[in-house]
Amino acid sequence: MHLLILHGPNLNLLGQREPDVYGHHTLADVQVGLDTLANELGVGLAHFQSNGEGTLIDRIHRASVDGVDGIVFNPGGYTHTSVALRDALAGVAIPFVEVHLSNVHAREPFRRESLLAPVSVGQVAGFGVLSYSLGLRALVTWLRERSG
Ligand code: DQA
(Lines give C-alpha, C1' and ligand atoms only; values in the text may rest on other atoms or scores of the structure.)
Protein backbone atom coordinates (compact mmCIF):
# COMPACT_ATOMS: atom_id res chain seq x y z
CA MET A 1 0.00 0.00 0.00
CA HIS A 2 1.41 3.39 -1.03
CA LEU A 3 0.25 6.58 0.61
CA LEU A 4 1.02 10.25 0.13
CA ILE A 5 1.50 12.68 3.02
CA LEU A 6 0.60 16.09 1.62
CA HIS A 7 1.08 19.47 3.29
CA GLY A 8 -0.25 22.79 2.08
CA PRO A 9 0.88 26.39 2.54
CA ASN A 10 3.00 27.61 5.44
CA LEU A 11 3.51 24.14 6.86
CA ASN A 12 7.16 24.39 5.80
CA LEU A 13 7.39 26.90 8.68
CA LEU A 14 6.25 24.36 11.26
CA GLY A 15 8.25 24.72 14.48
CA GLN A 16 8.80 28.47 14.07
CA ARG A 17 5.29 29.48 12.99
CA GLU A 18 2.89 30.44 15.84
CA PRO A 19 4.29 27.70 18.11
CA ASP A 20 1.58 28.34 20.71
CA VAL A 21 -0.95 27.18 18.09
CA TYR A 22 1.04 24.68 16.02
CA GLY A 23 3.69 23.43 18.46
CA HIS A 24 7.47 23.14 18.23
CA HIS A 25 7.84 20.13 15.95
CA THR A 26 9.21 20.79 12.48
CA LEU A 27 7.94 19.29 9.24
CA ALA A 28 11.06 17.10 9.21
CA ASP A 29 10.08 15.76 12.67
CA VAL A 30 6.60 14.95 11.34
CA GLN A 31 8.11 13.11 8.39
CA VAL A 32 10.45 11.02 10.57
CA GLY A 33 7.61 10.10 12.95
CA LEU A 34 5.32 9.08 10.11
CA ASP A 35 8.03 7.03 8.41
CA THR A 36 8.50 5.08 11.66
CA LEU A 37 4.76 4.49 11.94
CA ALA A 38 4.54 3.52 8.26
CA ASN A 39 7.24 0.88 8.87
CA GLU A 40 5.20 -0.55 11.75
CA LEU A 41 2.07 -0.56 9.63
CA GLY A 42 3.86 -2.04 6.60
CA VAL A 43 2.98 0.75 4.18
CA GLY A 44 5.09 2.98 1.94
CA LEU A 45 5.01 6.76 2.19
CA ALA A 46 5.86 9.71 -0.02
CA HIS A 47 5.97 13.21 1.45
CA PHE A 48 5.26 16.50 -0.31
CA GLN A 49 4.76 20.10 0.78
CA SER A 50 3.93 23.12 -1.34
CA ASN A 51 2.76 26.66 -0.78
CA GLY A 52 1.15 26.72 -4.22
CA GLU A 53 -2.39 25.62 -4.95
CA GLY A 54 -1.57 24.59 -8.54
CA THR A 55 1.49 22.63 -7.41
CA LEU A 56 -0.62 20.72 -4.88
CA ILE A 57 -3.21 20.01 -7.58
CA ASP A 58 -0.51 18.73 -9.94
CA ARG A 59 0.85 16.48 -7.15
CA ILE A 60 -2.64 15.05 -6.54
CA HIS A 61 -3.02 14.34 -10.27
CA ARG A 62 0.39 12.63 -10.28
CA ALA A 63 -0.63 10.53 -7.28
CA SER A 64 -3.47 9.18 -9.38
CA VAL A 65 -1.15 8.30 -12.28
CA ASP A 66 1.26 6.64 -9.80
CA GLY A 67 -1.52 4.52 -8.28
CA VAL A 68 -1.32 6.03 -4.79
CA ASP A 69 -3.88 4.29 -2.54
CA GLY A 70 -4.62 7.13 -0.15
CA ILE A 71 -3.61 10.62 0.96
CA VAL A 72 -3.18 12.18 4.41
CA PHE A 73 -3.62 15.87 3.67
CA ASN A 74 -3.15 19.00 5.75
CA PRO A 75 -4.35 21.62 3.28
CA GLY A 76 -3.50 24.55 5.59
CA GLY A 77 -5.37 27.73 4.70
CA TYR A 78 -6.59 26.21 1.41
CA THR A 79 -8.90 24.06 3.53
CA HIS A 80 -11.23 26.99 3.84
CA THR A 81 -10.96 28.46 0.34
CA SER A 82 -10.03 26.01 -2.37
CA VAL A 83 -12.73 24.79 -4.70
CA ALA A 84 -9.94 23.76 -7.08
CA LEU A 85 -8.29 21.41 -4.56
CA ARG A 86 -11.64 19.88 -3.69
CA ASP A 87 -12.29 19.31 -7.40
CA ALA A 88 -8.86 17.74 -7.82
CA LEU A 89 -9.44 15.31 -4.93
CA ALA A 90 -12.94 14.46 -6.10
CA GLY A 91 -11.63 14.12 -9.66
CA VAL A 92 -8.95 11.54 -8.88
CA ALA A 93 -11.17 9.83 -6.29
CA ILE A 94 -8.22 8.84 -4.10
CA PRO A 95 -9.48 8.32 -0.51
CA PHE A 96 -8.00 10.94 1.79
CA VAL A 97 -8.07 12.01 5.41
CA GLU A 98 -7.95 15.73 6.18
CA VAL A 99 -5.72 16.53 9.13
CA HIS A 100 -5.09 19.68 11.14
CA LEU A 101 -2.68 20.32 13.97
CA SER A 102 -5.03 22.79 15.61
CA ASN A 103 -8.68 22.37 16.46
CA VAL A 104 -10.05 24.39 13.55
CA HIS A 105 -13.53 24.30 15.11
CA ALA A 106 -12.37 26.15 18.23
CA ARG A 107 -10.67 29.05 16.42
CA GLU A 108 -11.87 31.87 14.15
CA PRO A 109 -15.28 31.19 12.54
CA PHE A 110 -13.78 31.12 9.02
CA ARG A 111 -11.73 28.04 9.98
CA ARG A 112 -14.83 26.02 10.83
CA GLU A 113 -15.71 25.48 7.22
CA SER A 114 -13.72 23.00 5.15
CA LEU A 115 -14.42 22.81 1.43
CA LEU A 116 -12.49 19.54 1.32
CA ALA A 117 -13.92 17.58 4.27
CA PRO A 118 -17.18 16.71 2.44
CA VAL A 119 -15.22 14.71 -0.15
CA SER A 120 -12.84 13.16 2.42
CA VAL A 121 -13.08 9.89 4.33
CA GLY A 122 -12.89 11.95 7.52
CA GLN A 123 -11.11 14.67 9.42
CA VAL A 124 -8.69 14.64 12.39
CA ALA A 125 -8.05 18.00 14.07
CA GLY A 126 -6.64 19.38 17.30
CA PHE A 127 -4.02 16.82 18.34
CA GLY A 128 -0.90 18.61 17.14
CA VAL A 129 1.49 16.34 15.24
CA LEU A 130 -0.46 13.37 16.60
CA SER A 131 -3.24 14.37 14.17
CA TYR A 132 -1.02 13.09 11.33
CA SER A 133 -0.34 9.74 13.04
CA LEU A 134 -4.01 9.27 13.88
CA GLY A 135 -4.94 10.19 10.31
CA LEU A 136 -2.43 7.72 8.88
CA ARG A 137 -3.58 4.88 11.16
CA ALA A 138 -7.22 5.62 10.38
CA LEU A 139 -6.66 5.71 6.63
CA VAL A 140 -4.64 2.47 6.57
CA THR A 141 -7.29 0.69 8.67
CA TRP A 142 -10.08 2.08 6.48
CA LEU A 143 -8.34 1.04 3.25
CA ARG A 144 -7.54 -2.45 4.59
CA GLU A 145 -11.11 -3.02 5.72
CA ARG A 146 -12.36 -2.04 2.29
CA SER A 147 -9.91 -4.22 0.37
CA GLY A 148 -10.26 -7.22 2.69
C1 DQA B 1 -4.10 24.19 9.84
C2 DQA B 1 -5.35 25.02 10.17
C3 DQA B 1 -5.63 26.04 9.09
O4 DQA B 1 -6.77 26.81 9.41
C5 DQA B 1 -4.44 26.97 8.93
O6 DQA B 1 -4.68 27.88 7.86
C7 DQA B 1 -3.16 26.24 8.74
C8 DQA B 1 -2.90 25.07 9.58
C9 DQA B 1 -3.73 23.23 11.00
O10 DQA B 1 -2.98 22.30 10.76
O11 DQA B 1 -4.17 23.42 12.14
O12 DQA B 1 -2.31 26.63 7.96
O13 DQA B 1 -4.38 23.40 8.69
Side-chain angles (χ1 to χ4, degrees), residues 1-41 43-64 66 68-143:
M1 187 182 289
H2 292 284
L3 304 173
L4 173 63
I5 309 295
L6 194 57
H7 310 272
N10 301 307
L11 290 160
N12 54 311
L13 298 180
L14 215 56
Q16 17 165 328
R17 169 195 186 203
E18 300 180 77
D20 43 319
V21 179
Y22 299 117
H24 292 276
H25 291 283
T26 65
L27 203 60
D29 296 335
V30 172
Q31 181 167 332
V32 169
L34 290 179
D35 281 339
T36 305
L37 177 59
N39 257 345
E40 279 169 33
L41 296 172
V43 301
L45 292 188
H47 302 265
F48 188 79
Q49 188 275 333
S50 175
N51 295 319
E53 194 174 19
T55 308
L56 291 164
I57 291 167
D58 287 341
R59 187 66 188 84
I60 289 164
H61 292 178
R62 183 146 62 85
S64 175
D66 293 348
V68 164
D69 299 293
I71 302 175
V72 175
F73 189 16
N74 184 347
Y78 289 140
T79 306
H80 321 293
T81 64
S82 183
V83 173
L85 272 170
R86 175 191 172 127
D87 289 348
L89 290 157
V92 298
I94 299 174
F96 77 99
V97 172
E98 180 181 310
V99 301
H100 299 283
L101 297 143
S102 64
N103 180 356
V104 284
H105 303 285
R107 299 180 62 195
E108 301 94 328
F110 64 82
R111 292 188 206 275
R112 284 183 207 144
E113 190 189 3
S114 168
L115 298 190
L116 311 187
V119 295
S120 74
V121 175
Q123 187 192 58
V124 181
F127 295 95
V129 293
L130 187 58
S131 291
Y132 284 97
S133 314
L134 293 168
L136 178 58
R137 276 187 191 280
L139 185 57
V140 169
T141 306
W142 188 89
L143 287 167

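As the structure lists them, so they are numbered: ligands from 1, and atoms in each ligand from 1. Atoms considered below: every heavy atom in the structure, side chains included; atoms not considered: hydrogens, waters and symmetry mates.
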task: Check whether more than 12 heavy atoms from other residues, nucleotides or ligands sit under 6.0 Å from atom CZ of Arg111, and answer yes or no.
output: yes
Residue pairs, two or more places apart or on separate chains, that pass ring pair (Phe, Tyr, Trp, His ring centres under 6.0 Å) and touch residues 73-96: none
- request: Tell me, yes or no, whether the heavy-atom count around Phe48 atom CZ, taken from other residues, nucleotides or ligands under 6.0 Å, exceeds 12.
  value: yes
message: Show me the pairs that pass salt bridge (charged side-chain N to carboxylate O under 4.0 Å, His left out) and involve residues 68-82, at least two apart or across chains.
response: none
field: Short side-chain to backbone donor-acceptor contact, Asp58 and Thr55, under 3.5 Å
entry: no
task: Sort out the contact shell of ligand 1: every protein residue with a heavy-atom distance below 4.0 Å, listed by chain and number.
output: Arg17, Tyr22, Asn74, Gly76, Gly77, His80, His100, Leu101, Ser102, Val104, Arg111
statement: Residues at least two apart in sequence or cross-chain that pass salt bridge (Lys or Arg N to Asp or Glu O under 4.0 Å) with Arg112, listed by chain then number, are none
